[in-house]
Amino acid sequence: MTQPNTQIDHSEYPKRAAAMTDAELLHTINDCSEALEANPGGHKAGYYADEIHYCGMERASRKKEMLTEFAKQGGFSAARKRAARGDCR
């Protein structure tokens, strides 16, 4: 007997991913990747692919926010100046 495909809630899962820690996002991506590799045609394959997608999007969003904040603080130029002064914050 074939099980129906499991569907992800596309309106709720991004909120769930946003609440995850970086470690949880990486674990979810790795876990889902392993599950897909083990059973690419399984009834949860699409769900796992969507989880990877949303967790990857959240990681990219966080990286973009971090880089934007870094640039606002002067980027590498400011970081070099702080390091030259011995200010390693």
Side-chain angles (χ1 to χ4, degrees):
M1 184 167 155
T2 305
Q3 294 183 333
N5 289 342
T6 303
Q7 299 293 316
I8 199 163
D9 184 338
H10 293 283
S11 62
E12 288 299 317
Y13 198 87
K15 296 173 193 170
R16 181 175 168 193
M20 291 181 186
T21 65
D22 290 338
E24 289 170 329
L25 290 169
L26 285 172
H27 174 77
T28 300
I29 290 168
N30 290 333
D31 191 43
C32 290
S33 295
E34 289 176 8
L36 276 174
E37 188 175 314
N39 193 5
H43 72 281
K44 288 190 171 184
Y47 184 92
Y48 294 144
D50 287 338
E51 277 193 292
I52 292 168
H53 173 76
Y54 285 121
C55 290
M57 283 178 45
E58 179 60 29
R59 292 189 72 225
S61 174
R62 291 179 187 184
K63 181 177 181 180
K64 181 179 178 183
E65 288 174 13
M66 180 185 67
L67 291 173
T68 300
E69 185 60 32
F70 181 68
K72 285 180 184 177
Q73 294 177 4
F76 287 110
S77 176
R80 280 189 215 102
K81 288 177 186 175
R82 285 193 303 270
R85 290 191 311 258
D87 183 2
C88 299
R89 57 180 168 100

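As the structure is a prediction and not an experimental result, all values here were calculated from the model.
When the salt bridge (charged side-chain N to carboxylate O under 4.0 Å, His left out) test is applied to E37, no partner is found at least two apart in sequence or on another chain. Shown here are the salt bridge (charged side-chain N to carboxylate O under 4.0 Å, His left out) partners of R62, two or more places apart in sequence or in another chain: D22, E58.
Of the inter-residue distances, the one linking K44 atom NZ with N5 atom CG reads 11.5 Å to the nearest 0.5 angstrom.
For the pair I29 and R59, the minimum side-chain heavy-atom distance is below 4.5 Å.
Considering all non-hydrogen atoms of both residues, A17 and L25 come closest at O-CD2, 3.6 Å. Annotation for C32 and E51: closest pair SG-OE1, 3.0 Å, computed over non-hydrogen atoms. Taking each heavy atom of I8 and D50 in turn, the nearest pair found is CG2-OD2, 3.2 Å. Residue A38 comes nearest to P40 through the heavy atom pair C-CD, 3.8 Å, listed as atom of the first residue, atom of the second, then distance.
Of the options D31, N30, T28, a side-chain contact (heavy atoms from CB on, under 4.5 Å) to C55 is made by T28 and by none of the others.
With S61 contributing its side chain and M57 its backbone, the two residues share no donor-acceptor pair below 3.5 Å.
Between Y13 and Y54, the angle of the ring planes lies from 30° to 60°, which puts this pair in the tilted group.
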